[in-house]
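The structure appears below as structure tokens.
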Amino acid sequence: MTDKTYTLNNGVSIPALGLGTWQSAPGKVKSAVSHAIRSGYRLIDGAYCYGNEDEVGQGIQEALASGGVKREDLFVVSKVWTTYNTRIEAGLDKSLKDLGLDYVDLFLVHWPLLMNPEGNHDKFPTLPDGSRDIIRDYNHVDTWKQMEKLLGTGKVKAIGVSNYSKRYLEQLLPHATVVPAVNQIENSPALPQQEIVDLCKEKGIHIMAYSPLGSTGGPLTQAEPVVKIAEKHSVKASTVLLSYHVARGSTVLAKSVTSERIDENKKIIALSEEDMKALNEYSDKLTAEGKVQRFVYPPFGVDFGFPDKS
Ligand SMILES: NC(=O)C1=CN([C@@H]2O[C@H](COP(=O)(O)OP(=O)(O)OC[C@H]3O[C@@H](n4cnc5c(N)ncnc54)[C@H](OP(=O)(O)O)[C@@H]3O)[C@@H](O)[C@H]2O)C=CC1
Ligand SMILES: O=C[C@H](O)[C@@H](O)[C@@H](O)[C@H](O)C(=O)O
């Protein structure tokens, strides 16, 4: 099922499934990326912040060298890190250099805030009290205006955002000349984020779902309603969690450095209306009880406008 694609609002085609590379350790990520591409994945999701784009690039080159796949068959994603949000093209150039590529298919604003570009660390500058060094009077719309300029450089095929809540999108869209092609957000039956998904659908912004398995260790594979549906179809719980996004019309990113899991995660099944009803009821119950599970919320100390965190 790795050949399913969607069309973005600028006509560019995006695969339904991608390999994630956050926390994919050096020494492991090259072979994970190479294995994934050789076994049929076409989308690789990376970021400057992950500190492994050089190895991701090596994995891509290894797979291309093995034949059968060309660069234009791939969909490579990178993201500008928050210390570069006033220096977007410089941030992109760093990623391209590490990846060994002359363009990425999609470039995203990783988080809508600015960390001090002149602070005490390239990626994670801190204040004397140890907290993140954030420039608090910066407007994220200015970052988007720089992103828009990239489209004329030939270094990106599409631009988008990540970690944008409904509130932040509503601040951005009135000023956007180019509507973001994508909003990459944490998404799962345990964190449905329906208000963002609905707004993005209305505005033609494609959702890329991250942490579909619950991030590190894949804890959502233990969730009872998910396990039940998996048993019914004689598939793994991970298959149900990944298939949920394709049923919602989203792209889903699954991270693994384990060959067997990379292969297993290619399996996407068509969930029935009844299955989706059960998963939606699970989401609604967690929402009503204030028990939605957000696994990724870095300690920026900024209110991003997500209802479960503000
Ligand atoms: N824009 C953003 O801010 C963010 C983007 N992302 C992107 O989304 C990707 C996916 O999200 P991520 O947070 O990594 O988490 P995932 O939900 O993809 O879970 C990854 C974890 O699940 C394990 N795993 C993988 N496959 C299976 C399986 N079939 N059964 C059981 N366990 C499994 C992995 O282990 P192992 O590797 O050891 O096999 C790893 O520990 C990221 O890698 C990144 O590319 C993620 C977070 C934030
Ligand atoms: O993409 C994955 C996540 O957003 C990750 O980039 C952040 O959580 C980062 O490690 C941080 O600590 O701010």
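Counting convention: from 1, in listed order, for ligands and their atoms alike. Bear in mind the structure is a predicted one, so any value in this text is a computation, not a measurement.
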Once you restrict both partners to nitrogen or oxygen, which atoms of ligand 1 have a protein partner under 3.5 Å, and how far apart are they?
from     : atom 1 : to   : atom 2 : distance (Å)
ligand 1 : 1 (N)  : S162 : OG     : 2.9
ligand 1 : 1 (N)  : Q184 : OE1    : 2.9
ligand 1 : 3 (O)  : H110 : NE2    : 3.3
ligand 1 : 3 (O)  : N163 : ND2    : 2.9
ligand 1 : 11 (O) : S211 : N      : 3.1
ligand 1 : 13 (O) : S211 : OG     : 2.8
ligand 1 : 13 (O) : S215 : OG     : 2.7
ligand 1 : 17 (O) : P212 : N      : 3.3
ligand 1 : 17 (O) : L213 : N      : 2.8
ligand 1 : 17 (O) : G214 : N      : 3.4
ligand 1 : 17 (O) : S215 : N      : 3.1
ligand 1 : 18 (O) : K255 : N      : 2.9
ligand 1 : 19 (O) : S215 : O      : 3.4
ligand 1 : 26 (N) : N265 : ND2    : 3.0
ligand 1 : 29 (N) : S238 : OG     : 3.3
ligand 1 : 29 (N) : E264 : OE2    : 3.0
ligand 1 : 29 (N) : N265 : OD1    : 2.9
ligand 1 : 35 (O) : R261 : NH1    : 3.1
ligand 1 : 37 (O) : K255 : NZ     : 2.8
ligand 1 : 37 (O) : V257 : N      : 3.0
ligand 1 : 39 (O) : S256 : OG     : 2.7
ligand 1 : 39 (O) : T258 : OG1    : 2.7
ligand 1 : 39 (O) : R261 : NH1    : 2.9
ligand 1 : 41 (O) : G217 : N      : 2.9
ligand 1 : 43 (O) : T21  : N      : 3.2
ligand 1 : 43 (O) : W22  : N      : 3.0
ligand 1 : 45 (O) : T21  : N      : 3.3
ligand 1 : 45 (O) : D45  : OD2    : 2.6

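Note that CG of L113 is 8.5 Å distant from CZ of R136, once rounded to the nearest 0.5 Å.
For the pair K166 and D198, the salt-bridge criterion is not met [side-chain N within less than 4.0 Å of a carboxylate O]. We find that R261 and E264 are not joined by a salt bridge, their nearest charged nitrogen and carboxylate oxygen being 4.0 Å or further apart. The existence of a salt bridge linking D45 and K79 is confirmed by a sub-4.0 Å separation between a basic side-chain nitrogen and an acidic carboxylate oxygen.
Residues L191, Y282, L286 make up the rest of the hydrophobic cluster containing V292, defined by ILVMFWY side-chain heavy atoms closer than 4.5 Å, directly or through other members.
Checked against the 6.0 Å centroid threshold, H110 and Y50 count as a close aromatic pair. Between W81 and F124, the ring center distance clears the sub-6.0 Å criterion.
Near ligand 2, residues W22, C49, Y50, W81, H110, W111, F124, R132, P298, F300 come within 4.0 angstrom through at least one heavy atom.
Of all non-hydrogen atoms in V56 and V33, the two that sit nearest each other are O-CG1, 3.8 Å.
Checked against side chain to side chain donor-acceptor pair (under 3.5 Å), S95 has the following partners two or more places apart in sequence or in another chain: E53, S78.
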